[in-house]
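Right, one structure below, let's go through it.
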Amino acid sequence: MTAHRQTKQLEAIRTAFQTAERPLSIEELHELATRDVGTLGLRTVYRAVRRLEEEGEIARVLVPGDSDRYELASVASKHHHHFHCTACDRYFDVHGCPGGLNKIIPNGFKLEHHDLTLSGLCSSCA
Ligand SMILES: [Zn+2]
Ligand SMILES: [Zn+2]
């Protein structure tokens, strides 16, 4: 694989994140990047994603019981939450945070981190 071709593939994946503006799975990245640069193997997308993750450009969004999603590190670094559409299985960013979670933890516990995934139907599926 030429360096030029590889650069184009990485660029297509970056563009996919910028266009979608939501966490993406490998399969979704594959679909979006293929539209951009033409035929692209799923393994190539895996490799490109691993490289971008190693270089700290993208971050993994852990999804219990399903394949991981990825988001841009610049998005991941800002505190936010996710919405999972149970119909189309897509993940979306939720920019607010309810906060106040200190009020519901057991007495004497110290809250250090929280993760919140809302689920339901997205606007296209509702
Ligand atoms: Zn949906
Ligand atoms: Zn929060």
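Counting convention: from 1, in listed order, for ligands and their atoms alike.
For Arg50, there are no salt bridge (charged side-chain N to carboxylate O under 4.0 Å, His left out) partners two or more places apart in sequence or in a different chain.
At a cut-off of 2.8 Å, measuring from the Zn ion (ligand 2), the protein N, O or S atoms that fall short of it are His79 NE2, His81 NE2, Cys97 SG, His114 NE2, waters left aside. Only protein N, O or S atoms were considered, and those under 2.8 Å from the Zn ion (ligand 1) are Cys85 SG, Cys88 SG, Cys122 SG, Cys125 SG.
With a 4.5 Å cut-off on side-chain heavy atoms, Phe17 and Leu29 count as touching. At least one side-chain heavy atom of Pro23 sits less than 4.5 Å from a side-chain heavy atom of Asp93.
Note on Arg22 versus Glu28: salt bridge recorded, some NZ/NE/NH1/NH2 to OD/OE distance being below 4.0 Å. Arg60 has a carboxylate O that lies under 4.0 Å from a charged side-chain N of Asp68, or vice versa, which qualifies the two as a salt bridge. We find that Glu112 and Lys110 are joined by a salt bridge, their nearest charged nitrogen and carboxylate oxygen being less than 4.0 Å apart.
Sorted by first and then second residue, the side chain to side chain donor-acceptor pair (under 3.5 Å) pairs involving residues 11-20 (not counting sequence neighbours) are Glu11-Arg14, Arg14-Glu57.
Between His81 and His95, the distance separating the two ring centers is not shorter than 6.0 angstrom.
Under a cut-off of 6.0 angstrom, the local environment of CD in Glu21 is sparse, with at most 12 non-hydrogen atoms contributed by other residues, nucleotides or ligands.
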